[in-house]
Amino acid sequence: MPELPEVETVRRTLKTLIIDKTIESVDVRFAKMIKKPDDVHAFELMLKGQTIRDITRRGKFLLFIFDDVEMVSHLRMEGKFATRSYSEPENKHTHVIFTFTDGTSLHYNDVRKFGTMHLFPKGEALETLPMKQVGVDLYLDQVDLDTVYPKITKSTRAIKNILLDQQLLAGLGNIYVDETLFRSNVHPMTKGHALNRLEVKRLLTEAQAVIEEAVKQGGTTIRSYTSADGNMGMFQQTLNVYGQTDKPCPVCRTPIEKTKVSGRGTHFCPVCQVIKQPEE
DNA sequence: CTTATCGCCTGAAGGC
DNA sequence: TGCCTTCAGGCGATAA
């Protein structure tokens with residue numbers, strides 16, 4: 001599941017592969033993934049003749065900047081881009097094909113069909129949904145404790161769910177949120193209003209640290225993720241709790257437990273991460 | 001306003 | 001072998 005570090009790795013790889021290429025044609029095979037414009041044919045026509053000038057990222061969204069338009073892409077669970085010359089040929093999970101004027105092409109593949117694409121006139125993507133509501137980027141932005149702290153401590157939600165809320169902090173998914181909570185010694189079910197300022201500060205610091213380390217390692221490859229050139233990430237070797245059920249905690253050797261929090265698989269150390277009740 | 005739940009999707013894995 | 005169920009999970013839509 002691509003989270004911030006995986007999306008950033010895809011962005012960097014993709015940029016070196018397709019920058020300055022011009023689109024000859026676009027072929028959408030699975031219309032439902034195109035969320036804007038409403039008409040898929042219009043999506044294809046708007047991109048025709050456009051040259052890719054830059055690829056940026058906010059949270060888990062990729063933003064392709066062309067001469068006159070901007071394309072927003074979210075990979076969700078298993079979306080991946082592959083250039084034709086470097087990766088597998090077209091398959092039954094190829095949903096969009098961008099063919100360039102030099103004869104090469106870019107394929108969007110997605111087994112679960114959860115990924116989305118939006119196309120906007122230039123300059124509108126960041127001002128419009130879905131990117132409009134993306135919160136503070138944990139890799140690019142300065143995180144302001146005075147802004148985040150009250151939002152967390154006014155909430156009755158489990159801290160894991162708060163940290164997964166992309167409108168507050170953008171970039172964490174199920175892997176890195178479990179890792180962040182472990183490094184911060186916070187139990188995933190702890191209520192937001194049970195945390196003090198120091199604990200919130202620690203969570204933000206650890207979230208940024210784990211994201212930065214994972215970007216350096218090229219992301220985490222679990223099951224299917226690879227970068228746009230087919231390379232795997234290396235961060236899975238560094239995971240402390242995610243996918244480590246029944247293995248000893250790296251700190252205290254207690255077996256890592258797995259439970260569910262709001263339907264998501266959740267890994268934690270029952271000794272290092274204890275639920276804290278609200279004080280007073 | 002907030003928070004919780006559902007549905008979208010397919011393939012792998014496990015039970016019998 | 002084969003059928004059925006569960007799980008993986010981000011996030012928009014809908015409900016409470």
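All values below come from the heavy atoms of this structure, side chains included, with hydrogens, waters and symmetry mates left out. Lettering of chains follows the sequences in order, A, B, ..., and the numbering in each one begins at 1.
Not one N or O on the side chain of A:K160 forms a donor-acceptor pair closer than 3.5 Å with the backbone of A:R157. Of the possible polar contacts, none joining the A:R84 side chain to the A:I97 backbone as a donor-acceptor pair under 3.5 Å is found.
Interface residues of residues 153-163 of chain A facing DNA chain B, ordered by number: A:S155, A:T156, A:R157; criterion, heavy-atom separation under 4.0 Å.
Aromatic pair A:H187/A:F268: ring centres closer than 6.0 Å. Aromatic ring centres of A:F64 and A:F81 lie closer together than 6.0 Å.
Within 4.0 Å (heavy atoms only), A:K35 reaches no atom of the nucleic acid at all. If you check every strand for non-hydrogen atoms under 4.0 Å, A:G265 touches sugar and phosphate atoms only.
A:I152 has its CD1 atom 16 Å from the C1' atom of B:dT3, to the nearest Å. Rounded to an integer number of Å, the gap from CZ of A:R112 to C1' of C:dC7 is 9 Å. Taking atom OH of residue A:Y108 and atom P of nucleotide B:dC9, one finds them 13 Å apart after rounding to whole Å. In this structure, the CG atom of A:N91 is 13 Å from the C1' atom of B:dT10, given to the nearest Å. Rounding to whole angstrom units, NZ of residue A:K32 and P of B:dC9 are separated by 3 Å. The nearest whole Å value for the distance from the NZ atom in A:K92 to the P atom in B:dT10 is 9 Å. Following rounding to the nearest Å, A:M33 (CE) and B:dC9 (C1') show an atom-to-atom distance of 13 Å. Computed from coordinates, the A:Q236 CD to C:dA8 C1' distance equals 17 Å when rounded to whole Å.
Through direct or relayed side-chain contacts under 4.5 Å between Ile, Leu, Val, Met, Phe, Trp and Tyr, A:L126 connects to A:F61, A:L63, A:I65, A:V72, A:F120, A:M131, A:V134.
Side-chain atoms of A:T51 and A:K21 include no donor-acceptor pair closer than 3.5 Å. If you check the side chains of A:Y176 and A:D178, you find no donor sitting under 3.5 Å from an acceptor.
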query: In B/S/- notation, 5' to 3', how is nucleotides 10-16 of chain C contacted by protein heavy atoms closer than 4.0 Å?
result: BBS----
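Residue A:K260 places at least one side-chain N or O closer than 4.0 Å to OP1 or OP2 of C:dA8.
Nearest to the side chain of A:K113, among C:dC7, B:dG11, B:dC9, sits B:dC9.
When every heavy atom of A:C269 is checked against every heavy atom of A:V241, the shortest pair comes out as N-CG1, 4.5 Å.
Ion pair A:R112/A:D110 not flagged as a salt bridge, since none of the NZ, NE, NH1 or NH2 atoms sits closer than 4.0 Å to an Asp/Glu carboxylate oxygen.
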